[in-house]
Amino acid sequence: MESKDPKATNMAAKIKKEEKISQVRGIRNAFVVILVCCAAAICIFLFGMGYGGNFEGGTNEGHPLNLAGTVYKGGFIVPILMTLLLTVIVLSIERWIAIRSASGKGNTTKFVADIKADLAAKNIDAAMNRCKQQKGSVASVVYNTLVKYKEMDANTTLSKEQKLTTLRNEVEEATALEMPSLSQNLPIIATLTTLGTLVGLLGTVMGMIKSFQALATSGSPDSTELSTGISEALVNTAFGIATGAFAVISYNFFTNKIDNLTYAIDEIGFSIVATFAATHE
């Protein structure tokens, strides 16, 4: 029977009591967001833009008197595009809040430099306390890795290579737990980049069809029908472009933020493993 090192056992028991210091928070079910945005878009379309005061004669059958009435004439595609646009806005705000909390307190670059300085000074406890104060995704990954660092430091049964492999695996596992939460809902925003443009194009084509139908009528063209078709085409084009443009900007912005956090995690993870390799035989 193998004998266990009491010091290693006590250290492992103490470390198991440590809790993770950071979790990325965000909206888990984007479908609920889409439903809420859809309901809001329909209400705005019917009761806001479709309000009788926006049209001649006091009903939405009349000629529009303002921009809201003109948008209403865009047809049933408008609330669909409004739903997509509102969804992009809401999910972008949600991702901004989530990634901001994941960045933790203070400057991430300075945090990385401070952790590397603590590692160079072999002050692991100071680095762990710094992680507790930072409270971000980078700090969470580093903290969990440092917990494993202390566990490997107290272990007397594994070889140095086995300990280094364990540390590398801990960095990968901790990163794998954090990164999916950071990129959550971004695939939906990426999808709306194309979907918004395509739905806007669909509305444009339908509006042009109405315009040509008005021109094809016998006798003089119906100016009301012609203007309605053109309004529908232009309104849907505008909403489609706005949705696609906002989604592209949002997706690229947050992807860049996540990449920066990933680089910081990789940099510190390498430093932790390198420090352990240099200070242990």
Side-chain angles (χ1 to χ4, degrees), residues 27 29-97 185-254:
I27 297 175
N29 192 349
F31 183 70
V32 175
V33 174
I34 296 174
L35 289 179
V36 172
C37 290
C38 180
I42 292 174
C43 290
I44 294 172
F45 180 74
L46 293 178
F47 305 112
M49 298 174 178
Y51 175 64
N54 296 327
F55 305 90
E56 292 179 352
T59 64
N60 55 27
E61 298 295 333
H63 187 75
L65 297 175
N66 50 36
L67 180 60
T70 301
V71 174
Y72 180 82
K73 290 297 183 179
F76 73 93
I77 296 292
V78 172
I80 297 177
L81 287 167
M82 288 177 62
T83 299
L84 300 182
L85 181 58
L86 288 175
T87 300
V88 171
I89 293 173
V90 172
L91 291 182
S92 296
I93 294 174
E94 182 267 342
R95 280 297 87 193
W96 181 78
I97 294 173
N185 295 330
L186 283 185
I188 296 176
I189 295 177
T191 301
L192 295 180
T193 299
T194 304
L195 185 60
T197 305
L198 291 178
V199 175
L201 180 61
L202 174 62
T204 301
V205 172
M206 294 180 64
M208 295 306 297
I209 290 174
K210 286 186 178 181
S211 298
F212 284 115
Q213 284 179 338
L215 288 173
T217 56
S218 58
S220 60
D222 189 335
S223 60
T224 302
E225 288 294 327
L226 181 61
S227 62
T228 299
I230 294 175
S231 295
E232 181 173 342
L234 296 179
V235 165
N236 289 318
T237 299
F239 265 109
I241 293 175
T243 301
F246 193 84
V248 167
I249 294 172
S250 175
Y251 179 80
N252 289 333
F253 176 79
F254 292 120

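Basis for what follows: all heavy atoms, side chains included, without hydrogens, waters or symmetry-related copies. Here the structure is a predicted model, which is why all the values come from computation and not from measurement.
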N/O donor-acceptor pairs under 3.5 Å from side chains in residues 33-54, not counting sequence neighbours:
residue: Asn54; atom: OD1; partner: Asn66; partner atom: ND2; Å: 3.0
residue: Asn54; atom: ND2; partner: Gly48; partner atom: O; Å: 3.0
residue: Asn54; atom: ND2; partner: Met49; partner atom: O; Å: 3.2

Please set out all donor-acceptor pairs under 3.5 angstrom arising from side-chain atoms of residues 244-251, sequence neighbours excluded.
residue: Ser250; atom: OG; partner: Ser92; partner atom: OG; Å: 2.6

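Between Val235 and Thr70, the shortest heavy-atom distance links the atoms CG2-O, 3.7 Å. The two residues Leu192 and Thr243 make their nearest non-hydrogen contact at O-CG2, 4.1 Å. The heavy-atom pair separating Ile188 from Ala30 by the smallest distance is CD1-CB, 3.1 Å. Nearest heavy atoms, Ala233 versus Met208: CB-SD, 3.8 Å.
Residues Ile80 and Phe239 form no side-chain contact, since every pair of their non-hydrogen atoms from C-beta on lies 4.5 Å or further apart. Side chains of Phe55 and Glu61 form no contact here, defined as non-hydrogen atoms less than 4.5 Å apart.
Taken to the nearest 0.5 Å, the CG atom of Leu81 stands 8.5 Å off from the CG atom of Leu202. For the atom pair CE (Met82) and CD1 (Ile89), the distance works out to 9.5 Å, reported to the nearest 0.5 Å. Rounded to the nearest 0.5 angstrom, Ile189 CD1 and Phe253 CZ are separated by 11.5 Å. Rounding to the nearest 0.5 Å gives a distance of 10.5 Å between OG1 of Thr191 and CG of Leu186.
Identified under the side-chain hydrogen bond (donor to acceptor under 3.5 Å, both in side chains) test for residues 78-91, with sequence neighbours left out: none.
At distances below 3.5 Å, at least one donor-acceptor pair connects side-chain atoms of Thr197 with backbone N or O atoms of Thr193.
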